[in-house]
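Have a look at the structure below before the remarks.
Bear in mind that the values here come from a model prediction, so they are computed numbers and not experimental data. Counting starts at 1 for both ligands and their atoms, in listed order.
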Amino acid sequence: MDYVLALDQGTTSTRAIIFDTNGGIVASAQQEFRQIYPKLGWVEHSPKDIMGSAVGVISEALVRANLTAAEISAMGITNQRETTFVWDRKTGKPVCNAIVWQCRRTADYCKKLKDDGFAEKIYNKTGLVPDAYFSATKIKWILDNIDGARARAERGELLFGTVDTFILWQLSKGRIFATDYTNASRTMLFNIHSLKWDTELLRLFDIPFSMLPEVHPSGHFYGETDKSFFGSPIPVCGVAGDQQAALFGQTCFEAGDVKNTYGTGCFLLMNTGRRAVKSRNGLVTTLGAGLTDKPDYVLEGSVFVGGAVVQWLRDEMKIISSAEDSENKARSVADSGGVYIVPAFTGLGAPYWDAEARGTVTGITRGTTPAHIVRAALEGIAYEVCDLVEAMEKDAGIKLARLAVDGGACKNDFLMQFQADILNCEAVRPRVAETTALGAAYLAGLCKGVWKGPDEIKKNTALDRVFTPNMTELTRFELLNGWKNAVLKTRAK
Ligand code: ADP
């Protein structure tokens with residue numbers, strides 16, 4: 001038996017999972033870490049916390065699996081994307097806390113970029129819209145605001161990396177300074193067509209080239225962890241951003257394959273093969289995970305509030321006692337009674353991009369009960385995903401055949417059935433729901449030869465349940481019409 005370790009460094013916790021050759025989970029460990037909010041809208045992570053949790057969970061998972069580091073064939077890293085670290089090339093000491101993807105501190109500068117007409121140039125090179133999420137403006141902020149940082153960067157003393165790069169650098173004691181295509185494609189500095197750091201954008205953001213890591217395919221031998229950490233070195237053979245790792249873990253290897261992750265927000269990704277599809281509907285174009293130096297392109301759409309609306313029902317509205325409870329409540333009524341909830345708590349993401357929109361509950365009557373509200377909230381998640389799918393189908397010119405699902409809220413059978421119904425396509429739930437970690441493990445294991453190729457991996461993938469659409473065309477039409485009207489009300493100023 002071979003063992004492959006996946007390190008999943010997420011936004012709120014770090015996890016290590018050890019998989020066996022069959023893709024089964026042998027052991028796992030998880031640690032949460034601090035979220036730092038220095039000002040309204042600012043989010044930071046302590047680099048020390050991140051490294052402590054990474055080393056901690058790997059050690060713990062090894063102990064739980066009763067394995068030594070020498071018995072691990074390969075390790076893959078997957079991570080929260082875009083979060084930005086800058087540190088000293090000699091000492092490894094970060095110049096400040098990591099700026100997290102959610103942090104809005106550079107929003108005004110991004111608005112100025114748009115006002116100054118840079119949006120099209122940036123989109124054509126990077127596939128992204130100028131937004132504070134992506135790393136470029138975060139690096140600029142650090143160089144402009146941390147004492148002495150710019151001078152040190154210009155002398156070649158400072159390095160930039162997303163979480164994968166920082167962890168690789170630390171775990172190899174500075175021997176590996178690298179990232180992969182998927183993480184590079186989220187920095188807003190990487191040209192996704194030439195597959196190179198873009199010198200014109202580096203000039204625009206005033207970032208020295210010497211700060212940037214080498215870029216490799218996601219499945220690639222990056223080097224080994226220093227033996228001081230786990231007793232023996234572990235070869236790192238895979239690196240990928242979390243959403244692209246999940247797409248790979250769902251075995252979406254062909255053009256047209258789509259997965260949606262139902263977490264706090266929702267992330268819909270479609271593999272578009274070697275074709276970089278330009279979006280006219282508010283999606284971004286980004287790079288997928290693979291093992292060659294010709295990565296596939298991916299269309300990505302996200303909504304900010306997905307499973308979070310269920311947390312709102314539980315914590316603020318207090319009409320359910322747990323997230324799981326939402327399923328039975330929703331099933332206790334035949335339909336939502338005409339109620340729609342558009343959970344635009346922080347504005348609307350793709351395909352609307354309306355930052356000023358706010359959530360609405362519409363269609364309330366004297367007969368509306370908490371069960372109708374719960375059902376409308378779950379249905380609202382499915383409608384949001386439906387809007388993303390519609391945009392993606394228009395952009396790619398591909399009709400969705402099946403939707404691979406994962407994330408915390410995909411455990412909800414009611415939600416998955418309604419999703420299949422409203423999309424009129426199958427929703428397919430895998431048995432191993434940890435698709436992000438699985439994707440990182442697959443990349444590393446394929447590179448190391450633990451698995452021979454994609455076909456062997458596909459054979460490994462066991463399905464938990466396939467949800468088949470079962471709704472009349474008329475009902476679907478009427479419900480979707482109701483949703484579109486509810487969205488309009490959200491936006492009415
Ligand atoms: P993240 O990775 O974004 O933290 P997870 O994938 O862990 O998110 O999913 C957590 C989200 O899923 C929460 O917002 C929670 O409300 C929702 N959730 C979890 N279980 C259920 C369920 N059975 N029904 C509906 N929503 C659920």
Side chains of Asp180 and Thr182: donor-acceptor distance under 3.5 Å anywhere? yes
Could you list the donor-acceptor pairs under 3.5 angstrom formed between side-chain atoms of residues 370-377 and any protein atom two or more places apart in sequence or on another chain?
{"residue": "His372", "atom": "ND1", "partner": "Thr369", "partner atom": "N", "Å": "3.0"}
{"residue": "His372", "atom": "ND1", "partner": "Thr369", "partner atom": "OG1", "Å": "3.0"}
{"residue": "Arg375", "atom": "NE", "partner": "Glu379", "partner atom": "OE2", "Å": "3.0"}
{"residue": "Arg375", "atom": "NH1", "partner": "Ala330", "partner atom": "O", "Å": "3.1"}
{"residue": "Arg375", "atom": "NH1", "partner": "Val333", "partner atom": "O", "Å": "2.8"}
{"residue": "Arg375", "atom": "NH2", "partner": "Ala334", "partner atom": "O", "Å": "3.2"}

Listed by chain and number, what are the side-chain hydrogen bond (donor to acceptor under 3.5 Å, both in side chains) partners of Glu82, not counting sequence neighbours? Arg186
side-chain hydrogen bond (donor to acceptor under 3.5 Å, both in side chains) involving Tyr109 - partner list, sequence neighbours excluded: none
Checking Gln9 against Gln80: is there a side-chain donor and acceptor pair closer than 3.5 Å? yes
Neighbouring residues of ligand 1, heavy-atom cut-off under 4.0 Å: Gly263, Thr264, Gly307, Ala308, Val310, Gln311, Ala323, Glu324, Ser326, Gly407, Gly408, Ala409, Asn412
What is the ring orientation for Phe33 with His45, classed by angle as parallel under 30°, tilted 30 to 60°, or perpendicular over 60°? perpendicular
